[in-house]
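Below is one structure, written out as structure tokens; comments come after it.
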Amino acid sequence: MLNEKKHLWILGGLWLLLYIVGNHLLTITDPVECNYAETAREMLLYDDYFSPRIFGNYWFDKPIFFYWELAAAFNLFGFTNFAARLAPALTVLASIALLYWWGKRLYNAKIAFAASLLFATSLETWYVGHAVVTDMTLLLTVSLTLIAFYCGYQQKNYNWYYLAFASAGVAVLDKGPIGLVLPGLIIVLFLLWQRDFKALLVKQLLGGFVLFGLVAGIWYVPMYMKHGQDFIDIFLGVHNVMRATVSEHPRDDVWYYYIGIFLAGFFPWAWAAIPAFIKRWRRGWRLKLDTNTRFLLVWAVTVFALFQCFATKYVTYTFPYMFPVVLLMARHFCNWGKKLLYGVAVMAVVYWGLLFGVAVPQMERHSSYGMAMAAKPYLEQGVEPYSFGRSDGVVAFTYYSGHFIKDLVSQEELDEERKLDWSVTNILPKFSFEAVERDKPMLVIVGEKSFEDLQKKLPGKWTLLEKGRRNSLYYRAAD
């Protein structure tokens with residue numbers, strides 16, 4: 001029988017093996033990870049820790065907290081792959097610790113250990129725990145918000161609510177209004193099922209909202225004072241309201257999207273748990289809807305249903321349901337005994353194979369890192385980099401090279417008035433063909449189908465320096 005000390009040693013070793021080892025080999029990818037990494041790099045470059053910038057321009061895609069995490073890691077370890085992936089990895093560790101602690105309070109150490117193992121070795125956790133994105137921090141802060149509420153609710157010690165509101169404030173600093181809306185909706189629906197709204201009629205509620213406002217206001221108030229309506233229109237209007245109402249990727253807006261994400265995200269455990277639950281159900285077993293189970297079910301189902309209603313769908317949006325789902329499944333898997341540990345060991349080997357055999361080469365293919373390295377000798381000589389007709393992001397080029405890249409467009413496109421739609425996510429600065437100095441050499445990252453058009457617009461001697469997955473880097477000598 002494993003004691004709690006052994007539980008912690010196993011979980012700590014598993015985290016180190018799966019979430020730290022090999023991170024230095026994982027290249028920052030285009031088109032998402034590079035935006036966060038480059039913004040944090042420019043935060044240090046401009047010594048501005050409040051107004052996020054990319055290519056020297058203010059932009060309001062996400063709030064500030066994850067950028068702070070990245071900037072702190074860059075300060076310690078430099079602009080490296082390891083530093084960029086340190087914050088998500090440390091957040092995984094904090095999440096495992098929180099899950100184990102709460103699992104013990106809800107049930108016992110055996111179930112808490114099983115839930116933590118399931119969480120650490122589920123495919124979606126492994127993916128998000130290596131990704132330079134905000135979602136692991138959102139999982140931790142939303143989970144802490146809900147756990148703190150539930151501890152206060154169970155114990156009738158409503159001082160826990162202060163921790164819940166403070167954590168929700170950090171969640172809003174990490175992801176925006178969803179950091180309060182999501183846990184707030186879950187709490188209201190749970191209390192509606194319990195027919196117990198007295199838990200909200202406490203003095204700590206008002207103090208909690210004040211605390212939430214102080215935490216969230218650390219960034220939102222200065223941002224509004226400095227940038228005014230522009231911040232409101234782009235951050236709240238485009239990146240929050242529009243994301244919920246207008247699909248950024250229409251082909252993914254289908255009813256079965258998150259069912260597929262659930263089955264893939266909880267691989268391999270869902271594939272073993274679901275058949276077992278169905279078998280037990282057919283034998284007459286029914287889930288006991290005690291208070292703990294109700295809270296976990298409301299939490300999981302609300303996350304799934306809410307994001308299913310959003311027009312824009314992403315792989316990581318439903319990630320905040322990880323805690324309740326693994327705790328519900330753990331009551332089945334904790335009876336596996338050594339078989340669960342063997343399964344975890346097998347998954348650790350599988351993930352190591354995926355890391356070194358798949359992730360490392362594939363992430364380099366999905367990054368403009370290779371082009372940045374190929375361009376380095378030319379950049380050191382003062383050659384300007386551009387892009388044209390690309391079919392994928394190229395921000396990683398700037399992150400790895402330290403040189404801003406400009407997108408070549410016609411003068412008409414350059415003069416177009418900015419619209420408040422998904423075009424605001426096109427963050428590369430624009431530069432007109434007409435303004436290109438023909439007597440100077442240039443570097444251009446060009447989409448595979450656009451090179452002929454580029455040659456027509458800018459005739460000359462072009463040399464292929466690096467071929468990427470969808471784009472290629474060319475050098476044009478001076479006329």
Side-chain angles (χ1 to χ4, degrees), residues 23-46 52-74 77-89 127-137 174 239 248-249 314-316 359-376 379 385-388 390-407 422-430 443-447 466 468-473:
N23 275 0
H24 66 291
L25 300 173
L26 298 175
T27 309
I28 303 300
T29 60
D30 293 294
V32 177
E33 290 186 325
C34 53
N35 293 340
Y36 294 108
E38 174 58 19
T39 300
R41 188 186 76 87
E42 293 186 34
M43 185 176 286
L44 297 176
L45 179 67
Y46 292 104
R53 305 187 199 199
I54 197 161
F55 296 100
N57 299 317
Y58 295 123
W59 85 308
F60 313 122
D61 179 56
K62 291 292 186 294
I64 200 67
F65 194 78
F66 187 63
Y67 299 131
W68 283 344
E69 292 180 283
L70 286 173
F74 287 152
F77 299 103
F79 299 113
T80 63
N81 296 335
F82 177 81
R85 301 189 187 281
L86 181 61
Y127 165 68
V128 179
H130 289 87
V132 186
V133 293
T134 58
D135 297 273
M136 186 58 72
T137 299
D174 175 68
H239 291 290
E248 186 177 0
H249 308 288
Y314 278 124
V315 170
T316 58
V360 170
Q362 285 299 316
M363 291 176 80
E364 189 163 327
R365 287 187 67 237
H366 285 76
S367 173
S368 45
Y369 164 79
M371 297 180 194
M373 295 302 100
K376 195 171 182 180
L379 295 170
Y386 301 89
S387 73
F388 174 70
R390 69 197 189 286
S391 54
D392 209 346
V394 292
V395 180
F397 179 94
T398 291
Y399 171 73
Y400 281 110
S401 71
H403 288 74
F404 291 166
I405 191 169
K406 292 171 281 192
D407 200 27
W422 288 122
S423 65
V424 301
T425 61
N426 298 326
I427 53 181
L428 263 65
K430 295 180 179 180
L443 293 162
V444 182
I445 297 176
V446 58
E466 180 78 10
R469 187 172 68 99
R470 294 180 179 175
N471 304 316
S472 297
L473 175 68

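Excluded from the calculations below are hydrogen atoms, water molecules and symmetry mates; all remaining heavy atoms, backbone and side chain alike, are included.
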Qualifying residues under ring-ring contact (aromatic ring centres under 6.0 Å, His included), relative to [X], sequence neighbours excluded:
X: Tyr127; answer: none
X: Tyr399; answer: none
X: Phe66; answer: Tyr36
X: Tyr46; answer: none

Can you find a pair of side-chain heavy atoms, one from [X] and one from [Y], that are under 4.5 Å apart?
X: His366; Y: Glu33; answer: no
X: Asn57; Y: Pro429; answer: yes
X: Tyr369; Y: Met363; answer: no
X: Asp407; Y: Arg390; answer: yes
X: Trp59; Y: Asn35; answer: yes
X: Arg53; Y: Leu45; answer: no
X: Ile445; Y: Pro385; answer: no

What are the two closest heavy atoms between [X] and [Y], and how far apart are they?
X: Gly78; Y: Ala83; answer: O-CB, 3.3 Å
X: Pro88; Y: Ala131; answer: CG-O, 3.2 Å
X: Ala87; Y: Glu69; answer: CB-CB, 3.8 Å
X: Ala374; Y: Glu466; answer: CB-CB, 3.9 Å
X: Ala396; Y: Ser367; answer: CB-OG, 3.6 Å
X: Leu44; Y: Ala71; answer: CD1-O, 4.0 Å

Using the test side-chain contact (heavy atoms from CB on, under 4.5 Å), find all partners of Lys430 that sit at least two apart in sequence or belong to another chain.
Val409, Leu414
Contacts of Thr398 that satisfy side-chain contact (heavy atoms from CB on, under 4.5 Å) - sequence neighbours left out
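Applying side-chain contact (heavy atoms from CB on, under 4.5 Å) to Thr398 gives Glu38, Arg41, Phe55, Phe404, Ile405.
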How far does CG of Leu26 sit from NE2 of His130, to the nearest 0.5 angstrom?
6.0 Å
Taking the inter-plane angle between the rings of Phe60 and Tyr58 on a 0 to 90° scale, is it parallel (under 30°), tilted (30 to 60°) or perpendicular (over 60°)?
parallel
Where do Val32 and Val132 land on the side chain to side chain contact (heavy atoms under 4.5 Å, CB included) test, with the steps shown first?
CA-CA 8 Å; Val32 177; Val132 186; over 6 Å; no
Would Tyr400 and Met371 count as a side chain to side chain contact (heavy atoms under 4.5 Å, CB included) here? Give the steps.
CA-CA 9 Å; Tyr400 281 110; Met371 297 180 194; over 6 Å; no
List the steps, then state whether side chain to side chain contact (heavy atoms under 4.5 Å, CB included) holds for Ile28 with Asn81.
CA-CA 7 Å; Ile28 303 300; Asn81 296 335; 3.9 Å; yes
When Asn471 is tested against each of Val444, Val394, Asp30, Val446 for side-chain contact (heavy atoms from CB on, under 4.5 Å), which residue passes?
Val394
